[in-house]
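Chain letters run A, B, ... following the sequence lines, proteins first, then strands; residues in each count from 1.
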Protein chains: 2
Amino acid sequence: MNKEIINEKLATRVKNKMLSDDLLFDVAEVFKIFGDSTRIKIIYALKLSELCVSDLAFITNSSDSAISHQLRILKQAKLVKSRKEGKIVYYSLKDEHVIKLFEIGREHVEEL
Amino acid sequence: MNKEIINEKLATRVKNKMLSDDLLFDVAEVFKIFGDSTRIKIIYALKLSELCVSDLAFITNSSDSAISHQLRILKQAKLVKSRKEGKIVYYSLKDEHVIKLFEIGREHVEEL
DNA sequence: TAAATATATGAACAAGTATTCAAATGAAGG
DNA sequence: CCTTCATTTGAATACTTGTTCATATATTTA
């Protein structure tokens, strides 16, 4: 697969210090969730307030169905939680970590 | 596209407070870059040391070509920088922000 | 119970993307 | 200059994923 190792000592040392593929895969998975416009919009809207599906659709200019699909993904990733009140399902962010991640990403973008 | 607004006052207020689509798009774009196993591996390896393409390929168990393609994406996103020394091109992380983003993502995963 | 409404779900389609393979640069050494 | 080697590049392919549309589920109300 590869050819030669340029700096074998260094490369071997770094390779030994690498985190497990599983952990790095999971880290990538979390970022992947944040890496979609619709989901980022949902996250930011939920940062402002608990909201139901149709209001999120209105706020993000998406269809109810698209929002529902994305909320499912966000919920599976444990980034949002929901509570049901009659017909209406209210979604909110799971914890402060989500906000923190969003803010660091935002800072990074705004500093470019 | 949508049907009804459940809580019109709240939804309208949130909609007015939303960040611009452009900004939210850019934020999503940054996260998207982090949202790939190969790129996350590269980022973590470069967090440990400046490295050249073939060593990165060795460390991440990928082909030179695949790594080169991903480094191009990382460079365009201004997440890594490079310096050439003869035939060899050394890559390193652009700034502390990249490390910070990675670490918050890692923390999030490890706390689940 | 029937109609209306909020949300969820599944299949299908379109668009985006990571990898591979082959070939092309570009630099060093003989 | 010719060869070797590190990296880059482009095209092709295979895979993933977000949206839409139609339909289903669940809850309220007439």
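As rounded to whole Å, 14 Å separates atom C1' of C:dA18 from atom CD of A:E29. Rounded to a whole Å, the CG atom of B:L51 is 15 Å from the C1' atom of D:dT7. Atom CG in A:D55 sits roughly 10 Å away from atom P in C:dA6 (whole-Å rounding). Here the P atom of nucleotide C:dA8 and the CG atom of A:D64 are 10 Å apart, to the nearest Å. Atom CG of B:N61 and atom P of C:dA18 are 19 Å apart (whole Å). Rounded to whole angstrom, the span from the CD1 atom of A:I5 across to the C1' atom of D:dT7 amounts to 17 Å. Between the CD1 atom of A:I40 and the P atom of D:dG18 there is a distance of 13 Å, given to the nearest Å. Between the CD atom of B:E85 and the P atom of C:dA28 there is a distance of 10 Å, rounded to whole Å.
Comparing C:dT19, D:dT9, C:dT5 against the side chain of B:A66 picks out C:dT19 as the nearest. Relative to the side chain of A:V89, the nucleotides D:dT19, D:dT7, C:dT7 differ in distance, and C:dT7 lies closest. Of all nucleotides listed (C:dG26, C:dA8, C:dT7), C:dA8 comes nearest to the side chain of A:Y91. Each of D:dT8, C:dT7, C:dT20 was ranked by its minimum atom distance to the side chain of A:I88; first place goes to C:dT7. Distance from the side chain of A:K87 is smallest for C:dA6 among the nucleotides C:dA18, C:dA6, D:dT7. Picking from C:dA6, D:dT19, C:dG26 the nucleotide with the shortest atom distance to the side chain of B:I6 gives C:dA6.
Dashed line: the shortest gap from a side-chain N or O of B:S54 to OP1 or OP2 of D:dC5 is not under 4.0 Å. Neither OP1 nor OP2 of D:dT7 sits under 4.0 Å from any side-chain N or O of B:S68. Within the 4.0 Å cut-off from OP1 or OP2 of D:dT19, not a single side-chain nitrogen or oxygen of A:S63 is found. Regarding contacts with the backbone of D:dT19, a side-chain N or O of A:Q70 is found under 4.0 angstrom from either OP1 or OP2. Between B:R39 and C:dA18 there is a side-chain polar atom (N or O) within less than 4.0 angstrom of OP1 or OP2. Contact between the side-chain N/O atoms of A:R72 and the OP1/OP2 oxygens of C:dT9 is found at a separation under 4.0 Å.
For B:D55 and A:K15, the salt-bridge test fails: no basic side-chain N is under 4.0 Å from an acidic carboxylate O.
Counting heavy atoms from C-beta on, the side chains of B:R106 and A:L19 come closer than 4.5 Å. Using a 4.5 Å heavy-atom threshold, the side chains of A:K75 and A:K94 count as separate.
One N or O donor and one acceptor, one from the side chain of A:S65 and one from the base of C:dT9, sit under 3.5 Å apart. Side-chain atoms of B:H69 come within donor-acceptor range of the base of C:dT20, with a qualifying N/O pair under 3.5 Å.
Judged by distance alone, the side chain of B:S68 and the main-chain N or O of B:D64 form no donor-acceptor pair under 3.5 Å.
Counting any heavy atom pair closer than 4.0 Å across all strands shown, A:I33 reaches no nucleic acid atom. Heavy atoms of A:K32 sit under 4.0 angstrom from primed sugar atoms or phosphate atoms, though from no base atom.
Aromatic ring centroids of A:F102 and A:F34 lie 6.0 Å or more apart.
Place A:T38 and B:I67 on DNA chain D by their nearest nucleotides, and B:I67 ends up nearer the 5' end. Annotation: of the two residues near DNA chain D, A:K84 and A:D36, the 5′-most nearest-nucleotide partner is A:D36.
The 12-atom threshold is exceeded at NZ of A:K81, counting heavy atoms of other residues, nucleotides or ligands nearer than 6.0 Å.
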